[in-house]
**Q** 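I'd like to ask some things about the structure below.
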Amino acid sequence: MTPPLVAVAHGSRDSRSASTVRALVDVVRARAPELPVHESFLDLSEPRVTDVLRELYAAGHRTAVVVPLLLGSAFHARVDLPVLVSSVTAECPGFRVQVSDVLGADPALEAVALDRLSAAPRRRGTGVLLSAVGSSNASANAVVSGLAARWESRLGLPVSEAFASATQPDIPAAAARLRDRGVQHLIVASWFLAPGLLPDRIARLAREADPGAFLAAPLADDPRVADVVIGRYATAVTELLRAGARV
């Protein structure tokens, strides 16, 4: 049996988030029709990743690849997901589940996020807020800060990272940082996969700082995102083969 690809997102109380994840998974299916592909969630949305894995085992699968639909390698990727996967494999003898790398700051995703800015007006005094979820993991936040620095050089505009939670700078602090550099007009880039409560908070705070702020859409179901998911799956299957798994 071909190892199924189990795409796992965080989950949200906002139905738009799960709908976007399902749309992305549909694009994955369309671009890799030979693969069995399943969407799942860590929490707050259905189906849960543990339920999907148990169902695959009951159907006779003895290998599976889990691809985290996460843009950062922080607590959910490092702790939550491995614990959930281990809870399934502990009760399913002979079941090998390989967890791929997160989507992360892949160049293809960076290109999607930059493309979302193409419709933004470019006026004198414009700056960019690169908005992201934020984490207690410093290395995850540093990836976003690195993106902001790279974008500033590429765009020729002042750019600041801005986080929705857990760390600084938040949106007001990042907007103030840009104002100190002469910025009057904000472009808000989205380092989010889907709409939801945190992107809504970012939008509200950005509009408080600049009522005319341009708000970019999340990465969503762009085919380039789907291709990164498929690439993470392919790498994980190679790792399974190197480990001697029968796939």
**Q** Look up atom CG in L219 and atom CG in L24, then write down how far apart they are to the nearest 0.5 Å.
**A** 9.5 Å
**Q** If you define the side chain from C-beta out and look only at heavy atoms, does anything of T235 sit under 4.5 Å from S100?
**A**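 No, every pair of side-chain atoms sits at 4.5 Å or beyond.
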**Q** Verify the neighbour count for atom CZ of R150: are there more than 12 heavy atoms of other residues, nucleotides or ligands below 6.0 Å?
**A** yes
**Q** For the atom pair CG (L198) and NE2 (H10), what is the distance rounded to the nearest 0.5 Å?
**A**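 So the gap between those two atoms works out to 9.0 Å.
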**Q** Write down the atom of T126, the atom of R123, and the distance for their closest heavy-atom approach.
**A**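 T126 and R123 have their closest heavy atoms at OG1-O, 2.7 Å.
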**Q** Just by modelled atom types, is the A234 backbone N or O under 3.5 Å from a matching donor or acceptor in the T238 side chain?
**A**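 Here the side-chain-to-backbone pair exists.
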**Q** Can you tell me which residue pairs pass the ring-ring contact (aromatic ring centres under 6.0 Å, His included) test with a partner in residues 88-132, sequence neighbours excluded?
**A** Y57-F95
**Q** Is it true that E161 and R177 have a side-chain N and a carboxylate O under 4.0 angstrom from each other?
**A**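 Looking at R177 together with E161, the answer is yes, because their closest N to O distance falls below 4.0 Å.
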**Q** Using side-chain heavy atoms (C-beta onward) and a distance below 4.5 Å, is E39 in contact with L69?
**A** no
**Q** Please give me the minimum heavy-atom distance between P121 and F214, naming the atom from each residue.
**A**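 P121 and F214 have their closest heavy atoms at CD-CD1, 4.1 Å.
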**Q** Using atom types as modelled and distance alone, determine if a side-chain donor or acceptor of R16 lies under 3.5 Å from a backbone N or O of A194.
**A** no
**Q** Please check if the side chain of S86 supplies one atom and the backbone of V83 the other of a donor-acceptor pair under 3.5 Å.
**A** no
**Q** Carefully, step by step, assess L178 and V128 under the rule side chain to side chain contact (heavy atoms under 4.5 Å, CB included).
**A** CA-CA 8 Å; L178 291 180; V128 178; 5.9 Å; no
**Q** Between A162 and D170, which heavy-atom pair has the shortest distance, and what is it?
**A** CB-O, 4.3 Å
**Q** Is it true that V25 and V49 fall in one hydrophobic cluster, defined by side-chain heavy atoms closer than 4.5 Å?
**A**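 Different clusters.
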**Q** On a heavy-atom basis, which atom in I202 and which in I171 lie closest, and how many Å separate them?
**A** CG2-CD1, 3.8 Å
**Q** How about V133 and F192: do any of their side-chain heavy atoms sit closer than 4.5 Å?
**A**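 Contact flag for V133/F192 side chains = yes.
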**Q** Between D43 and G11, is there a donor-acceptor pair closer than 3.5 Å when you use the side chain of the first and the backbone of the second?
**A**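 No.
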**Q** So, are R29 and D26 salt-bridged, with charged N and O less than 4.0 Å apart?
**A**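 Yes.
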**Q** Can V112 be reached from L147 by stepping across I, L, V, M, F, W or Y side chains whose heavy atoms are under 4.5 Å apart?
**A**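 Yes, one cluster joins them.
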**Q** With the side chain counted from C-beta on, respond yes when L157 and R122 share a heavy-atom pair under 4.5 Å apart, and no when they do not.
**A** yes
**Q** Let me confirm one number: the CG-CG distance from L205 to D200, rounded to the nearest 0.5 Å.
**A**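 Answer rounded to 0.5 Å: 11.0 Å.
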**Q** Please assess D51 against R54 for the test salt bridge (Lys or Arg N to Asp or Glu O under 4.0 Å), listing each intermediate value before the final yes or no.
**A** CA-CA 5 Å; D51 294 334; R54 290 188 185 102; 3.7 Å; yes
**Q** On a heavy-atom basis, which atom in A164 and which in R201 lie closest, and how many Å separate them?
**A** O-NH1, 2.8 Å
**Q** If hydrophobic clusters are built from ILVMFWY residues whose side chains come within less than 4.5 Å, do L109 and V229 share one?
**A**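 Yes.
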**Q** Write down the atom of A64, the atom of L240, and the distance for their closest heavy-atom approach.
**A** O-CD1, 4.5 Å
**Q** Do side-chain atoms of R232 reach the backbone of V102 as a donor and acceptor pair under 3.5 angstrom?
**A** yes
**Q** Consider only side-chain heavy atoms of I, L, V, M, F, W and Y, link residues closer than 4.5 Å, and tell whether V225 and L35 are in one cluster.
**A** yes
**Q** Check whether any side-chain heavy atom of V188 lies under 4.5 Å from a side-chain heavy atom of D210, and answer yes or no.
**A** no
**Q** Answer yes or no: is there a side-chain heavy-atom contact under 4.5 Å between W151 and L117?
**A** yes
**Q** Looking at R154 and E152, is any side-chain nitrogen of the basic one under 4.0 Å from a carboxylate oxygen of the acidic one?
**A** no
**Q** Starting at OG of S45, measure out to CZ of R22 and round the result to the nearest 0.5 Å.
**A** 7.0 Å
**Q** Are the side chains of T50 and S87 in touch, meaning some heavy atoms are under 4.5 Å apart?
**A**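 Heavy-atom side-chain distance check passes, below 4.5 Å.
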**Q** Step by step, work out the side chain to side chain contact (heavy atoms under 4.5 Å, CB included) result for V21 and F41.
**A** CA-CA 9 Å; V21 169; F41 301 89; 3.9 Å; yes
**Q** Let me confirm one number: the CD1-OG distance from I187 to S131, rounded to the nearest 0.5 Å.
**A**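 Reported to 0.5 Å precision, the distance equals 12.5 Å.
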**Q** Is there side-chain contact between P223 and R31, with heavy atoms separated by less than 4.5 Å?
**A**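 Of all side-chain heavy-atom pairs linking R31 with P223, at least one is under 4.5 Å.
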**Q** If hydrophobic clusters are built from ILVMFWY residues whose side chains come within less than 4.5 Å, do W191 and L155 share one?
**A** yes
**Q** Calculate, to the nearest 0.5 Å, the distance between atoms CG and CG belonging to L42 and L70 respectively.
**A** 6.5 Å
**Q** In this structure, which one of V99, V6, D80, V8 forms a side-chain contact (heavy atoms from CB on, under 4.5 Å) with V85?
**A** V99
